[in-house]
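Reviewing the structure listed below.
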Amino acid sequence: MPVARNDRDPERETRYRSALLTDLSRLIYLWESPQFQSEVLTRSGEPLDQSSHQLLRLLGFSGPLRPSQIAERLKTGASNVSKMLRRLEDNGWLQRTPDPADARASLVGLTPAGVEAAQHVFDLGDDMIAQVLTGWNARDLEQFTNLTRRFVDDAYVAAEVMRARGLTRTWTSDNSTS
């Protein structure tokens, strides 16, 4: 079995005090890395490029969005989004409809064929997590899943509070998160 690469630098001057936040950040940086995603997709024989996967996944989660919202969520420019949309529209996976909130704007959503393509992307994600969790027993997997669901639910609730009020500085050395 390959040895996990540890990209932590113990000499680094800036780091999170929370080991949990450090590990979550490392995972997010790895899995959201376009280079990592492209390498995995290429080596898996996947015909779709990384940006198409991102867009299908976004629309699969969110439902129809304005192109400007897509650009914002994918952290890219409008011209790049236009190219991505054109490519997926050419495949018959996207459709534009008038935005009921503003007739001048359009919403981009998945066609039935686009839903199938998006489901394929989600299936690849399921394959990825299954490969990561190979060797975990059912009890550990259930416990991890339940704790992760609780963490994500709490994070969404806290995010709404943070949006409304900003951060509450509560860190002390006594409440470090391992």
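When all heavy atoms are compared, the tightest approach of Arg66 to Gln69 is N-OE1, 2.8 Å. Between Leu41 and Gln50 the shortest heavy-atom distance is CD1-CA, 3.7 Å. Scanning both residues, Ala113 and Gly92, for their nearest heavy atoms gives CB-O, 3.9 Å. Nearest heavy atoms, Ala117 versus Leu56: CB-CD1, 4.0 Å.
Connection of Ile129 to Leu141 is established within a shared hydrophobic cluster, with ILVMFWY side chains joined at heavy-atom distances below 4.5 Å, either directly or through further cluster members. Residues Leu55 and Val40 fall into different hydrophobic clusters, defined by Ile, Leu, Val, Met, Phe, Trp and Tyr side chains chained together at heavy-atom separations under 4.5 Å. At a threshold of 4.5 Å between side-chain heavy atoms, the hydrophobic network of Ile, Leu, Val, Met, Phe, Trp and Tyr places Leu110 and Phe122 in two separate groups. Hydrophobic cluster membership differs between Val132 and Val121, with clusters built from Ile, Leu, Val, Met, Phe, Trp and Tyr side chains linked at under 4.5 angstrom. Note on Leu58: it does not cluster hydrophobically with Leu107, by side-chain heavy-atom contacts below 4.5 Å among ILVMFWY residues.
Between Val157 and Asp153 the shortest side-chain heavy-atom distance does not fall below 4.5 Å. Annotation: side chain of Ser38 is not in contact with side chain of Asp49 (no heavy-atom distance under 4.5 Å). Side-chain contact between Asp127 and Ser44: absent, with no pair of heavy atoms (C-beta onward) separated by less than 4.5 Å.
For Glu39, the CD atom counts as densely surrounded, since its 6.0 Å shell holds more than 12 non-hydrogen atoms of other residues, nucleotides or ligands. Annotation: Gln119, atom CD; neighbour count of heavy atoms from other residues, nucleotides and ligands within 6.0 Å is above 12. Counted within 6.0 Å of CZ on Phe36, heavy atoms from surrounding residues, nucleotides or ligands total more than 12; the atom is thus considered enclosed.
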Checking Arg26 against Asp23 for the salt bridge (Lys or Arg N to Asp or Glu O under 4.0 Å) test, could you report, in this order, the C-alpha distance in whole Å, the side-chain angles of both residues, the deciding distance, and whether it holds?
CA-CA 5 Å; Arg26 289 177 57 228; Asp23 289 340; 3.5 Å; yes
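Put simply, CG on Leu94 and CG on Leu88 are 5.0 Å apart, with the number rounded to the nearest 0.5 Å. Here the straight-line distance linking atom OG of Ser62 with atom CZ of Arg73 works out to 5.5 Å at 0.5 Å rounding. One finds the CH2 atom of Trp136 at 13.0 Å from the CD atom of Glu142 (value rounded to the nearest 0.5 Å). Note that CZ of Arg57 and CG of Leu124 are 11.0 Å apart. Values are rounded to the nearest 0.5 Å. How far CZ of Arg149 is from CG of Leu147: 10.5 Å, rounded to the nearest 0.5 Å. Atoms CE and OG1, on Met162 and Thr168 in that order, are 8.5 Å from each other to the nearest 0.5 Å.
Applying the side chain to side chain contact (heavy atoms under 4.5 Å, CB included) test to Tyr29 and every residue at least two apart in sequence or in another chain returns Ser25. In this structure, Phe151 has no ring pair (Phe, Tyr, Trp, His ring centres under 6.0 Å) partners at least two apart in sequence or on a different chain.
Salt bridge annotation for Arg86-Glu89: absent, with no cationic side-chain nitrogen under 4.0 angstrom from a carboxylate oxygen. Looking at Asp99 and Arg104, no side-chain N of the basic residue comes within less than 4.0 Å of a carboxylate O on the acidic one, giving no salt bridge.
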Side-chain donor-acceptor contacts of residues 77-85 below 3.5 Å, not counting sequence neighbours, with atom names and distances?
residue	atom	partner	partner atom	Å
Asn80	ND2	Thr76	OG1	2.8
Ser82	OG	Ala78	O	3.1

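The closest donor-acceptor contact from the side chain of Gln37 to the backbone of Trp31 lies under 3.5 Å. Not one N or O on the side chain of Ser106 forms a donor-acceptor pair closer than 3.5 Å with the backbone of Arg96. Remark: the backbone N or O of Arg139 is paired with a side-chain donor or acceptor of Asn137 at under 3.5 angstrom. Panel note: side chain Thr134, backbone Gln131; a donor-acceptor pair is recorded below 3.5 Å.
Counted by atom type alone, Arg17 and Thr22 present zero donor-acceptor pairs between their side chains at under 3.5 Å.
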